Amino acid sequence: MTQTLTGGPGLTQERNLVTEVPGPRSRERLARKKAHVADGVGTALPVFVEAAGGGVLRDVDGNTLIDLGSGIAVTTVGNSAEAVVRRVREQLDSFTHTCFMVTPYDAYVDVCEALAEVTPGDHAKKSALFNSGSEAVENAVKIARVATGRDAVVVFDHAYHGRTNLTMAMTAKVMPYKHGFGPFAGEVYRAPMSYPLRDGLSGEQAAARAVEVMEKQVGADNLACVVIEPVQGEGGFVVPAPGFLPALARWCREHGVVLVADEVQSGFCRTGDWFACDHEGVVPDLVTTAKGIAGGLPLAAVTGRAELMDAVHTGGLGGTYGGNPLACAAALGALEEMRTHDLVGRAREVGAILHERLGALAAVHPVVAEVRGRGAMVAVELCVPGTTEPDAARTAAVAAACHAAGVVVLTCGTYGNVIRVLPPLSTTDALLHEGLDVLAEAFAATA
Ligand code: PLZ
């Protein structure tokens, strides 16, 4: 794949370490961060970045690192994709803000039109734009409640939906996301997720288990929506067993429950389809998107059945910055990149490499209990060999070794024992292989 890369003068697509990581300049800045930034805001790898693009980040010490994390699933098209940069620059020359709720502009409508095209299903769709994934999820719940006249929300074990009050209630993991931050919003119920490594159930069996909770502990007549990540992100890149999502979708349809697919992390080519739901042909009623939608600028959306989206009274949805013109221009640029460079196809190629290389790793390191994921969203779960007892310490050690060697990997999972690989799709095969070589060395060095 050829792609024009920006990201600053002299940025080369290779790993190059000239100091230890983090180097002295990053450490200096870390001391400034400590003085001025609240301690509650953590950093996975404290190198301060001065240029980024393609599949690399260059830090202030002159080290160039391989990025296997995409800023948590955001820079699918790269950190400085040509079409994103070009369209944002053009928009900057015109205006930065008017507020769509005061005086509208084309880019917002263009993004909504594009979302109707790319999201699952060919029914009539409409969208509303927001700033963050959390905000999109909150608004999906608001829409589902108004449309159904019901209150309850069902979410799943290991789910991550955000850090606002309602979405904290929807997120499963207490530390660091919820600890001390309650009380949380009510009418949120948790059902068991399909997690094949840990439950050994088929998709149908796992769906029946979840449906029992919905019927016996919530009641379909009280249930506004079921919110699910079709491939879980922060929860550990958990891929439900085949048939789980279609069975849930069927049950929702039969009971007038709105099915919300939270595709904030899995959407926009990441899984080798436009959306993770596409893999099993599941058509959700509402889809929440963010992250990869706009190549790094803050934008999020709720897209769904026109009659549901239109159930809300005029003025009931919005926000000062939702669908900001720069973010919309960036989204149109990101979509242009995805289409021009067939990033759905590229995600599948990346996925084939990841499965081959991580599978080889699993074959020699029994600590790898499972390799799972789709497209360019693949992870390894680390357990005490022969068991499903999580090995978070080894996971942290492997990640630290990668970081020291100039490869950005992220961990995830309820038990902190999953290493996820989700590179920008603008990365080259050579960089990807080098990043995976470093990961393999990190497994060997921590054995
Ligand atoms: N839904 C599925 O993955 C964000 C969170 C990182 P915001 N995931 C990364 C962190 O530690 O805060 C996410 C997600 C899914 C919703 C969200 C929330 O998106 O844009 O972070 O609000």
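These numbers were taken from a predicted model, which means no experiment stands behind them. Just follow the structure's listing: the first ligand is 1, and inside any ligand the first atom is 1.
- Between the CD atom of Glu50 and the CG atom of Asn63 there is a distance of 10.0 Å, given to the nearest 0.5 Å.
- Closest to atom 9 (C) of ligand 1, if we only count protein heavy atoms, is Lys291 NZ, 2.9 Å.
- The aromatic rings of Trp274 and Phe268 sit perpendicular, their planes meeting at an angle over 60°, well past the 30° parallel limit.
- For Tyr177, every heavy-atom contact with ligand 1 shorter than 4.0 Å involves the side chain, none the backbone.
- Ionic pairing of Arg145 and Glu138 is not present here: no N-O contact between side-chain nitrogen and carboxylate oxygen is shorter than 4.0 angstrom.
- Counting only heavy atoms of the protein, atom 6 (C) of ligand 1 lies nearest to Ile72 CD1, 3.7 Å.
- In Glu263, neither the side chain nor the backbone holds a heavy atom less than 4.0 Å from any atom of ligand 1.
- Of the candidates Ile419, Val380, Ile353, Val368, Leu358 forms a side-chain contact (heavy atoms from CB on, under 4.5 Å) with just one, namely Val380.
- Scanning the protein heavy atoms around atom 3 (O) of ligand 1, the nearest turns out to be Gln265 NE2, 2.8 Å.
- The closest approach between Gly233 and ligand 1 stays at or above 4.0 Å for every heavy atom of the residue.
- Between Arg209 and Glu212 there is no salt bridge, since no side-chain N of the basic residue sits under 4.0 Å from a carboxylate O of the acidic one.
- Under the 4.0 Å criterion applied to side-chain N and carboxylate O atoms, Lys34 and Asp39 are assigned as salt-bridge partners.
- Checked against a 3.5 angstrom limit, the closest N/O atoms of Gly133 and ligand 1 fall inside it.
- For atom 1 (N) of ligand 1, the closest non-hydrogen atom on the protein side is Asp262 OD2, 2.7 Å.
- Remark: minimum distance from atom 22 (O) of ligand 1 to any protein heavy atom is reached at Ser134 OG, 2.5 Å.
- Close approach to Glu229 involves these atoms of ligand 1, each under 4.0 Å from a residue heavy atom: 2 (C).
- Taking every heavy atom of Ser132 and a limit of under 4.0 angstrom, the matching atoms of ligand 1 come to 20 (O), 22 (O).
- When heavy-atom distances to ligand 1 are checked against a 4.0 Å cut-off, Glu234 comes that close only through its side chain, counted from C-beta outward.
- Glu234 and Arg420 are joined by a salt bridge, as a carboxylate oxygen and a charged side-chain nitrogen come within less than 4.0 angstrom of each other.
- Among Met170, Glu138, His161, Arg163, the residue whose heavy atom lies nearest to atom 11 (O) of ligand 1 is Arg163.
- Salt-bridge annotation for Asp273 and Arg348: present, with a side-chain N of the basic residue lying under 4.0 Å from a carboxylate O of the acidic one.
- In this structure, Glu135 does not pair ionically with Lys142, as no charged nitrogen and carboxylate oxygen lie closer than 4.0 Å.
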